Amino acid sequence: MVIYRGFLSVFSRVPNRIPRYSVFTVWELGLTGISVIFHNTNQPIEVVMLDECKYWVSFVYCAETILLAFQNYILMLGTSVMIPSVLVPAMGGSDGDKARVIQTLLFVAGINTLLQALFGTRLPAIVGGSFAYIIPIAYIINDSSLQRISNRHERFIQTMRAIQGALIVASSIQIILGYSQVWGLFSRYIGSILKCEVVSPGMLDYIVLHRLSFPCRFFSPLGMAPVVALVGLGLFQRGFPLLGNCVEIGLPMLLLVIGLSQYLKHVRPIRDVPIFERFPVLICVAIIWIYSLILTASGAYRDKPNATQLSCRTDRANLISTAPWFMFPYPLQWGPPTFSAGHSFAMMSAVLVSMVESTGAYKAASRLAIATPPPAYVLSRGIGWQGIGILLDGLFGTGTGSTVSVENVGLLGLSRVGSRRVVQLSAAFMIFFSILGKFGAVFASIPFPIFAALYCVLFGLVASVGLSFLQFTNMNCMRNLIIIGLSLFLGISIPQFFNEYWNLKHRGLVHTNAGWFNAFLNTVFLSPATVGLIVAVFLDNTLEVEKSKKDRGMPWWVKFRTFRGDNRNEEFYTLPFNLNRFFPPT
């Protein structure tokens, strides 16, 4: 006699109630069908939600919504300014070119965020520029045919066109993997389950069970925990190392954010609104930005090294003076894209990395927004729309590709608000201020160490959300401890090793005659989340798999495998405008 323990879904007889789950024990007596006695304990099994998170798509007051949306806009400016500030000068562009690229990047980020919030995963996540694309873009910048161009502005234009062509071709990978459902199917494997049929109702329900095959997640909670954690931890170089470039601004910012958002979060000086809990980024950025303006105006950095002035001064970015008053970005504004097979293959590596990092970010966003984990169908849909976003990046010429903004995912937890409406309004801010260049440039001139201080908190919060998935696993199992420890350690150690050999003008650790191959491998192994995924998923699916299903957290994970697996999926992930009639969940 073999004993099975598990969960059985029993629909409540009370109208308009969600399914309830009860613990049951099965004594297997045959191979085809069996009868068991089921005790109707009526104990609900819910998704373990994070406490203190206030909203999903529920009503938020208008003024509060506007401020929360503007807070998201301010936060995503850091990455949107940092990436063009690194790449545009290397491409031969001027400060005016940099301002135009920043405006274009913000404009397309607003469009991509709206598309993702309306038709993609529908999670409250911001889509913005990605650092994963820097390595293949650096390979394109250093192409000998482009480096031979003597005129700097002409070299910038030709390099931008080459980047556009590579992004357009590489986006097809994400579009195909997303809309074909391959990305969702990849995250599943075949297992078995027992189907239940109620024979007679009552306090003791007699049921018949049949063994059926079913698709369940290839990624278990044990495999996904280090991936989500490394999405945050892997960005540590954009935390305190950048903060340390201007300690007198960055350190007060870090202490102020922690103080207001954690120690004073229950203080409500205005009515009943917890402003320190809801708007820590807005308040802290405003205070420290004014402080940095005073330091700049008083001449505190007059005799400092140029690197210090670039990090600390509020007037060295040259964005306000060079940005146009009005600019409406449009497709092919830099000219027709140019296409090269090598450039496209190199860019495909960044597309694959951004898919992995976005998957981890979506998992974190769903948990922080009190949503169920996105089913495979929803995840594939989001990846497909993200591919459309990269295609738009190539058409408009943003200079980089798109991914989910990790810092804005962390803001969901810091502000304890996960509202889709806030994200949609934030996208409107991105589009508005990208068109009115001077006004957007004012906010884009915030010194980088201010953003770095925020990243220390927000990236750490995303990392902790990833580790929270371990509560669904058995961490008293030595197998699980080895998998988690090895994937986290190698996920940080291997990219750091590759990073020591890479810079904008050097091809990195992989150094062959094929430049696209160098860029491809360097991009993959410089991504902590991707390395963590390779290690964790390989070990989790090869070490004692059959004996460790419960230890891996599969009983909790399996009920979210499909769109119909949980009633709440319809609330969270159903398409607007009744589009599910035409695009039904698969």
Side-chain angles (χ1 to χ4, degrees), residues 80-109 129-131 133-171 306 310 316-348 350 390-402 434-435 437-438 440-441 444 502-507 514-516 518-519 523:
S80 301
V81 174
M82 196 178 302
I83 294 175
S85 297
V86 172
L87 294 178
V88 172
M91 295 163 62
S94 62
D95 288 336
D97 295 325
K98 179 174 69 174
R100 288 184 64 193
V101 172
I102 291 172
Q103 287 178 260
T104 304
L105 180 56
L106 284 172
F107 183 83
V108 178
S130 172
F131 284 97
Y133 291 83
I134 288 183
I135 297 173
I137 289 173
Y139 159 65
I140 296 174
I141 291 173
N142 293 321
D143 191 296
S144 58
S145 62
L146 296 171
Q147 288 295 319
R148 284 196 294 265
I149 302 175
S150 57
N151 185 288
R152 287 182 59 85
H153 181 70
E154 181 62 22
R155 178 157 59 89
F156 165 76
I157 294 295
Q158 294 300 326
T159 304
M160 179 62 78
R161 292 178 181 178
I163 294 171
Q164 287 182 258
L167 285 171
I168 290 171
V169 174
S171 67
N306 188 53
L310 285 173
R316 291 304 295 269
N318 294 327
L319 293 177
I320 299 175
S321 60
T322 57
W325 280 100
F326 179 87
M327 189 197 85
F328 192 88
Y330 57 91
L332 308 183
Q333 60 185 338
W334 310 105
T338 58
F339 299 93
S340 166
H343 296 169
S344 299
F345 278 117
M347 196 66 74
M348 287 177 186
I390 297 172
L391 177 63
L392 293 177
D393 289 327
L395 291 174
F396 280 83
T398 61
T400 185
S402 297
S434 65
I435 295 173
K438 291 288 186 187
W502 187 88
N503 58 55
L504 274 174
K505 297 191 183 220
H506 192 269
R507 284 179 284 185
W516 65 269
N518 302 335
T523 301

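All values derive from a computational prediction rather than experimental measurement. Just so you know, these numbers use all the heavy atoms, side chains as well, and skip hydrogens, waters and symmetry mates.
Heavy-atom minimum distance, Q333 versus F396: NE2-O, 2.9 Å. Counting all heavy atoms, side chain and backbone alike, I140 lies closest to A162 at CG2-CB, 3.8 Å. Closest non-hydrogen pair, P136 versus A350, comes out as CG-CB, 3.8 Å. Nearest heavy-atom pair, S171 versus I390, reported as atom, atom and distance to 0.1 Å: CB-CG2, 3.7 Å. In terms of heavy atoms, S94 sits closest to V88 at O-CG1, 4.0 Å. P324 and M327 make their closest contact through CG-CB, 3.8 Å (heavy atoms, listed as atom of the first residue, atom of the second, distance).
Summarising the geometry, atom NZ belonging to K98 is positioned 13.5 Å from atom CG belonging to L105; distances are rounded to the nearest 0.5 Å. Note that OG1 of T400 and CG of L167 are 7.0 Å apart. Values are rounded to the nearest 0.5 Å. Residue L106 holds its CG atom at 7.5 Å from CD1 of I102, rounded to the nearest 0.5 Å. Atom CG of residue L392 and atom OG1 of residue T104 lie 12.5 Å apart, to the nearest 0.5 angstrom.
Between F107 and F328, the angle of the ring planes goes over 60°, which puts this pair in the perpendicular group of the 30/60° scheme.
The shortest side-chain heavy-atom distance between M160 and D97 does not fall under the 4.5 Å cut-off. For the pair R155/Q147, a side-chain contact is recorded, criterion being any heavy-atom separation below 4.5 Å from C-beta on. Looking only at side-chain heavy atoms (C-beta outward), I141 and L146 stay at 4.5 Å or farther from each other. Annotation: side chain of F131 is not in contact with side chain of V86 (no heavy-atom distance under 4.5 Å). Here the side chains of W334 and V101 are in contact, with some heavy-atom distance below 4.5 Å. Between L391 and I168 the shortest side-chain heavy-atom distance falls below 4.5 Å. Looking only at side-chain heavy atoms (C-beta outward), L332 and P337 come within less than 4.5 Å of each other.
Annotation for F345: atom CZ does not count as buried by contact number, only 12 or fewer foreign heavy atoms lying within 6.0 Å.
With sequence neighbours left out, the side chain to side chain donor-acceptor pair (under 3.5 Å) criterion links E154 to Q158.
Each of Y139, W516, Y133 was scored for a ring-ring contact (aromatic ring centres under 6.0 Å, His included) with H343, with one residue passing: Y139.
Residue pairs meeting the side chain to side chain donor-acceptor pair (under 3.5 Å) criterion with at least one member in residues 159-170: none, sequence neighbours excluded.
Of the possible donor and acceptor atoms, one in the side chain of D393 sits under 3.5 Å from a partner among the backbone N and O of S402.
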